There are 2 protein chains.
Amino acid sequence: MNRLILVFLIFSSGVFAQHHPIAFATKSELGYVSKSISNNFLFKESYSAIKKDVDSFLTKDIDVPFPKDPAGGYTHDQHKFLYTLMFNSGTLYQITGEKKYAELVKKIFLKYAVLNPTLKNHPQATSAYAGRLFWQALNDANWLVYTGMAFDCIHDYLTPAERSLISNGAFKPIVEYFTHDQKMWFNLIHNHAVWACAGVGIVGIATDNEDYINMALYGTEKDGKAGFLAQLNGLFSPDGFYHEGPYYTRYALLPFYLFANAINNVRPALKIFSYRNSILKKALEVALNQTNISGEFYSYNDALKDKTYLTNEIVVAVDIACQVYGVDSSLLAISKFQNRVILNKGGVDISNALNSNKSKQLQYKYHSAEYTDGANGDFGGLSIMRNGKDNNFTSLIYKYTSHGLSHGHYDKLNIQMYDNGNEILQDYGAARFINIEHKWGGRYLPETNAYAQQTIAHNTITVDETSHYNGKENVAELNHPNKLFGKIGEYKVQYMSVEDTSAYKDVIMHRTNFLIKLPGLNKPLVVDIFKTTSTSTHQYDLPFNYLGTLMKTNFKYQYASNSLSTLGNKNGYQFLWKEASAKNVAPFTQFTFLNHSTFYTISSLVNDSVDVFFTRIGANDSNFNLRRDPSYILRTKGQNQTYINVVEPHGNFSAVSEIASQSFSNIQMIKKIQDDDDYTIAEITVQGKKLLVVQANKNFSQLSSHEIKQINIKFTGPVYVEFDGSTIQ
Amino acid sequence: MNRLILVFLIFSSGVFAQHHPIAFATKSELGYVSKSISNNFLFKESYSAIKKDVDSFLTKDIDVPFPKDPAGGYTHDQHKFLYTLMFNSGTLYQITGEKKYAELVKKIFLKYAVLNPTLKNHPQATSAYAGRLFWQALNDANWLVYTGMAFDCIHDYLTPAERSLISNGAFKPIVEYFTHDQKMWFNLIHNHAVWACAGVGIVGIATDNEDYINMALYGTEKDGKAGFLAQLNGLFSPDGFYHEGPYYTRYALLPFYLFANAINNVRPALKIFSYRNSILKKALEVALNQTNISGEFYSYNDALKDKTYLTNEIVVAVDIACQVYGVDSSLLAISKFQNRVILNKGGVDISNALNSNKSKQLQYKYHSAEYTDGANGDFGGLSIMRNGKDNNFTSLIYKYTSHGLSHGHYDKLNIQMYDNGNEILQDYGAARFINIEHKWGGRYLPETNAYAQQTIAHNTITVDETSHYNGKENVAELNHPNKLFGKIGEYKVQYMSVEDTSAYKDVIMHRTNFLIKLPGLNKPLVVDIFKTTSTSTHQYDLPFNYLGTLMKTNFKYQYASNSLSTLGNKNGYQFLWKEASAKNVAPFTQFTFLNHSTFYTISSLVNDSVDVFFTRIGANDSNFNLRRDPSYILRTKGQNQTYINVVEPHGNFSAVSEIASQSFSNIQMIKKIQDDDDYTIAEITVQGKKLLVVQANKNFSQLSSHEIKQINIKFTGPVYVEFDGSTIQ
């Protein structure tokens with residue numbers, strides 16, 4: 001054992017050449033894979049699909065074009081296609097032993113060895129982080145990751161002269177560009193830099209270049225302030241919550257897992273997969289728990305809604321995770337849905353497990369969870385409250401994270417809601433048509449910042465038509481909301497109470513979200529107490545970005561029949577048409593809409609009266625870059641304000657059977673019994689019975705004792721909920 | 001044999017009581033069903049689901065409420081629920097022999113026998129055809145159909161006194177109301193009257209009342225001018241095309257099939273299922289061929305888009321069709337998708353066939369087809385041109401039918417397009433939320449007539465902002481377009497050319513649609529030559545009601561940035577916001593949009609210049625009754641005008657793999673080589689090659705010889721298509 005460790009240490013710091021392959025998988029793993037193909041259905045399918053694809057290019061002349069086009073254009077797509085082809089062909093060489101696969105990879109590499117030294121910054125570059133083969137350096141990093149693994153696979157097939165030619169011609173120009181010209185970028189703690197480090201590190205492993213490996217692990221200065229380990233430390237909270245949110249977790253997990261896997265093979269002493277209490281395992285779990293039931297990642301921060309866990313990135317992460325952490329039934333459910341595996345031992349193991357679990361109903365175990373944000377877990381967080389069973393559950397996502405780098409939104413205390421797998425209260429996500437040339441070469445569209453990142457695009461309060469932190473990223477990055485108290489898990493009453501004092505100079509926002517399952521109702525209620533405190537008078541706008549069709553309101557509104565105007569002229573307001581509005585509505589408002597087969601009613605109580613707006617996105621969107629989605633906005637004016645909202649799924653409509661049941665809300669009234677520095681007490685009439693929701697506004701400890709004589713109740717902890725005379729919790 | 005016919009004849013005109021049951025199925029059929037349950041998986045599932053449902057009500061007190069509520073309200077839903085429960089329970093009595101099922105039916109019938117004689121017109125009635133149990137007589141007819149079959153099932157369980165009590169108390173008041181007070185309605189040739197006749201006829205069969213049966217078959221006057229046979233004659237064209245369109249075919253097929261089935265049992269000599277060359281078989285086939293691949297019926301005329309062949313009506317029709325016409329593999333595919341059967345011999349046969357076809361890939365055989373409209377096939381028609389295979393095909397629907405009664409739209413020469421199972425160019429359908437109380441009690445909303453039926457809501461020309469026939473149903477009913485020539489089937493070039501001279505007094509519209517599969521393109525092109533002829537100057541608006549997101553235009557437009565106004569103020573125009581517009585655009589316009597994973601480009605050439613509008617529904621829609629769908633409208637002014645449009649699916653976008661291919665149109669130019677009384681000749685540049693589309697404007701015979709010296713071509717028949725120098729057909 002000691003001898004083994006010694007060997008590793010010599011190995012890890014030495015200059016001796018590795019045995020290859022070792023980056024994507026070791027020789028012995030690939031031997032095992034090779035023997036396992038015929039017995040495993042899913043693996044065989046995946047293998048055959050890849051083989052069929054690669055085979056169709058074996059005899060073709062392969063174009064390695066001079067870079068010219070933006071994302072979605074020919075040269076972009078071709079280079080993207082080539083790195084996948086090279087990696088797949090390299091892997092096939094190792095699995096089959098057939099030289100034609102190695103030859104294909106070599107042939108393409110030799111063209112890159114000629115091309116790459118001639119490249120300057122890409123002509124379509126729009127940022128400081130220009131690429132060479134692609135418009136942005138990030139894509140060049142993707143290229144390094146895959147071609148690095150491809151090189152490793154054919155390492156022993158190449159002559160030393162060929163190896164040197166490719167290392168110096170194809171790889172070195174890009175690695176040097178990254179680690180010198182783009183050193184600052186390479187040393188960031190950010191998903192782009194994860195890719196860059198993984199690329200340089202994998203190339204280092206493939207070409208036996210210790211310097212590359214060490215820069216990848218510890219930053220260009222090799223001091224550990226940057227590089228892969230610093231990224232593992234800095235980008236995840238101790239819970240495994242990824243700083244940029246689920247959409248970019250998905251993206252970053254690929255280089256994280258691929259490079260960790262390669263490092264684990266060459267420097268096993270690092271125990272990279274156990275690093276930080278197995279942070280990579282947690283990261284994958286947290287990412288998957290932040291998906292909707294058909295696999296779409298939650299769309300907060302910059303995100304495209306159609307990204308699911310079917311993407312290649314998550315296939316790779318799940319398959320490596322199953323290899324290193326063992327095949328677990330929850331991951332197996334995801335893999336079954338993905339319906340393909342990668343050609344490693346993990347892929348074989350999964351395929352094997354699916355063979356022996358054929359009849360078993362596999363289901364990913366979605367659960368309620370509270371995640372801290374920040375490297376030390378002290379920079380806000382995110383909670384998911386769920387209730388229901390099988391696929392028929394309600395999810396309330398409450399976001400009080402820190403900003404989340406350049407893809408963050410100005411959305412402190414935002415909520416999102418999903419029900420039965422449908423989006424009910426949405427986060428717009430980002431405005432982008434990825435890789436579609438017509439749409440600004442597939443880049444983030446200007447409307448991402450101008451609308452989608454602004455506060456009004458979110459289900460949280462905008463004060464005085466100005467976004468949180470005045471829309472300044474550098475200010476937002478320094479701040480975060482603070483959790484006051486919460487209880488998340490398999491309870492009838494879940495809640496999370498958070499305060500924000502930083503988004504606005506003069507306004508404290510305090511929002512408590514409850515998910516309450518009442519006896520007699522099929523679905524849980526969201527009870528949302530949103531308090532603002534200020535020393536001066538402000539305008540507060542609270543939108544519910546609902547998806548669905550208006551059914552009914554309990555107030556009259558004026559419809560903009562023959563002309564439309566915008567809700568405002570800046571900070572995202574300029575994109576919203578006022579379809580309808582109502583002035584000075586009595587404080588108890590109700591709005592029912594239909595989403596798919598379920599009705600939803602938002603019942604709200606505010607202090608005095610409220611102005612209501614039904615808006616629709618579309619104003620000033622001259623390139624048709626935004627969806628024409630609606631919003632229901634409650635506006636009040638004052639210093640302190642308390643919104644008590646109930647979001648209630650109810651009833652059912654079947655278009656096939658033509659039956660509509662319970663299309664009316666079960667909520668008859670909301671009253672505010674008390675609302676001061678001590679307590680906020682809401683009395684909600686549900687089907688004629690009283691639901692009492694009490695929250696302490698000080699003494700938040702779960703052990704604190706409270707007594708409210710006025711209504712004759714005593715309770716322990718910061719929250720008390722009573723329905724029809726009985727306590728529920 | 002002769003003796004048998006004699007027996008039938010005596011039987012059919014006699015006063016002898018039937019053996020019961022005989023309406024839904026005969027005693028011997030039900031015996032066969034009873035014995036077959038355990039061996040047939042799908043049948044057993046369907047049986048168990050019904051049994052479980054009925055069993056849960058056996059011991060409950062059943063409320064038979066006094067009618068009060070509109071559709072979607074309690075009393076409406078309860079009576080609807082009850083007739084289904086009674087029918088199911090009656091059937092279970094016959095299958096199981098267990099008296100508890102008969103007792104349940106009897107118990108409810110006795111309540112109806114007390115209730116029904118007390119009823120006047122329903123308080124929520126809004127039309128002249130008021131119901132008694134429901135707001136409209138149509139629903140009372142539904143009730144008769146099902147309770148008639150239920151009575152038949154328990155006929156022998158009842159004492160003669162009970163039978164008399166129920167016949168006179170429950171049935172007679174409604175039958176008499178239908179055949180006296182509502183005689184005019186009962187004698188219509190219309191889907192409501194089909195239900196009414198089926199109801200009265202089935203009650204006649206169940207209660208041994210020959211008078212009822214004869215009124216149902218031949219009208220209240222028993223002269224054959226009305227009643228079921230007249231409906232079979234009048235509502236279908238000889239091809240089986242149903243006059244009101246597929247949405248109502250679905251609805252009417254249920255009483256057609258159920259009553260035909262009952263009549264077939266009691267008056268087999270009528271050979272009702274062979275009637276008019278098996279018109280009922282054709283009717284079902286035509287209905288199913290007018291669905292999208294996931295089963296939605298095409299949405300022209302008043303239609304709700306989410307109605308599919310999964311509805312109970314089509315389950316019943318398919319299962320009876322399989323019983324009487326035999327189990328055919330195309331119907332079996334539908335039944336497999338429906339995943340349930342009714343409890344008759346057809347249901348058993350299907351379940352049996354599915355057992356033995358387990359491994360077989362069953363697929364409904366969608367095909368190109370031309371259907372005539374009108375009882376004699378001389379009142380216009382409808383063509384469906386399809387190209388592609390498996391589920392990956394393109395469908396162009398060209399509508400030149402007659403008006404189609406009260407649910408018809410003002411949409412002469414309208415087209416719709418589906419591709420890969422997605423709607424690309426839509427027909428709005430109707431504005432209705434069926435059975436949802438919030439939405440006008442579930443009735444057709446005023447916006448159905450005010451917008452959805454108007455010409456501008458369709459993909460055809462509106463002249464001078466006035467709908468076809470000035471929106472007058474009585475005028476529209478008298479007229480129809482005329483087919484000039486066409487060729488529909490498995491050809492590379494399909495086409496249909498139709499002229500309309502009746503929609504406008506002063507304008508002749510002539511539209512030829514081609515579906516052309518070119519070598520080198522994955523998908524077919526729609527080429528659409530739309531000519532107007534007039535002696536005076538008019539404004540022509542041709543909308544493409546596309547579904548998708550704008551990607552690109554080849555012209556500049558002005559976007560209505562900060563305020564919106566409507567396209568017009570009447571005939572549906574008042575509902576359209578002008579989101580963007582362009583004046584005097586050069587005559588060759590291109591507009592590319594993305595729908596799901598495919599790009600589509602509409603390329604158009606008009607005579608001189610064109611005004612373009614991008615509109616969106618929503619103006620003056622103060623109850624949020626309409627969807628916020630877009631349209632692309634090409635406006636010209638002049639006397640004669642020729643639009644040459646190409647609608648082209650191209651490329652692919654995958655959000656999961658992030659690859660966008662061929663996002664640019666393959667069409668570079670459209671030129672008009674000739675356009676006069678003799679010929680219209682379009683030259684379309686496709687990927688740099690010339691596509692020549694020639695249509696004769698006189699001498700339409702398929703045998704006619706044509707020679708056009710100018711471009712040196714000779715051809716036979718009314719159409720000539722050449723691509724890159726080679727004829728295609």
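Sequence lines set the chain letters: A, B, ... in the order given, protein chains first and strands last, and positions in each chain run from 1. Keep in mind it's a predicted model, so treat the numbers as computed, not measured.
Residue contact with chain A, scored on non-hydrogen atoms closer than 4.5 Å, involves the backbone and the side chain of B:L550 alike. Residue contact with chain B, scored on non-hydrogen atoms closer than 4.5 Å, involves the backbone and the side chain of A:I434 alike. Only the side chain of A:T549 comes within contact range of chain B, with heavy atoms under 4.5 Å apart. Looking at A:F664, both its backbone and its side chain come within 4.5 Å of chain B, counting heavy atoms on both sides. Looking at B:E579, only its side chain comes within 4.5 Å of chain A, counting heavy atoms on both sides. Only the side chain of B:F433 has a heavy atom closer than 4.5 Å to any heavy atom of chain A. Neither the backbone nor the side chain of A:Y74 comes within less than 4.5 Å of any heavy atom in chain B.
Both the sub-6.0 Å distance and the 45° axial angle are satisfied by A:R443 relative to the ring of A:W135. A cation-pi arrangement, defined by a distance under 6.0 Å to the six-membered ring centre and an angle within 45 degrees of its axis, is absent between B:R616 and B:F614. At least one cation-pi condition fails for A:R250 and A:Y309: the charged atom is not both under 6.0 angstrom from the six-membered ring centre and inside a 45 degree cone around its axis.
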**Request:** Just do the salt bridge (charged side-chain N to carboxylate O under 4.0 Å, His left out) check on B:D302 and B:R432 with the steps written out, would you?
**Result:** CA-CA 9 Å; B:D302 285 350; B:R432 185 183 188 186; over 6 Å; no

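Residue with the most contacts toward chain B among A:S654, A:G618, A:P630, A:G651: A:G618 (heavy-atom pairs, distance under 4.5 Å). Contact count versus chain A (heavy atoms, under 4.5 Å) is highest, among B:D621, B:L594, B:T566, for B:D621. If you tally non-hydrogen atom pairs under 4.5 Å between each of B:L310, B:T553, B:N623, B:N569 and chain A, the highest count goes to B:N623. Between chain A and the residues B:D306, B:T311, B:I436, B:N435, the largest count of heavy-atom pairs under 4.5 Å involves B:I436. Of the listed residues (B:S561, B:S565, B:A660), the one with the most heavy-atom contacts under 4.5 Å to chain A is B:S561.
Contact check for A:V145 versus A:W195: side-chain heavy atoms found under the 4.5 Å cut-off.
Side-chain contact check for B:T592 and B:Q590: no donor-acceptor pair (N or O, by modelled atom type) lies under 3.5 Å. Looking at B:K80 and B:N139, their side chains never bring a donor and an acceptor atom within 3.5 Å of each other.
Shown are A:Y557, A:F544, A:F613, A:Y546; of these, the ring-ring contact (aromatic ring centres under 6.0 Å, His included) with A:F591 is made only by A:Y546.
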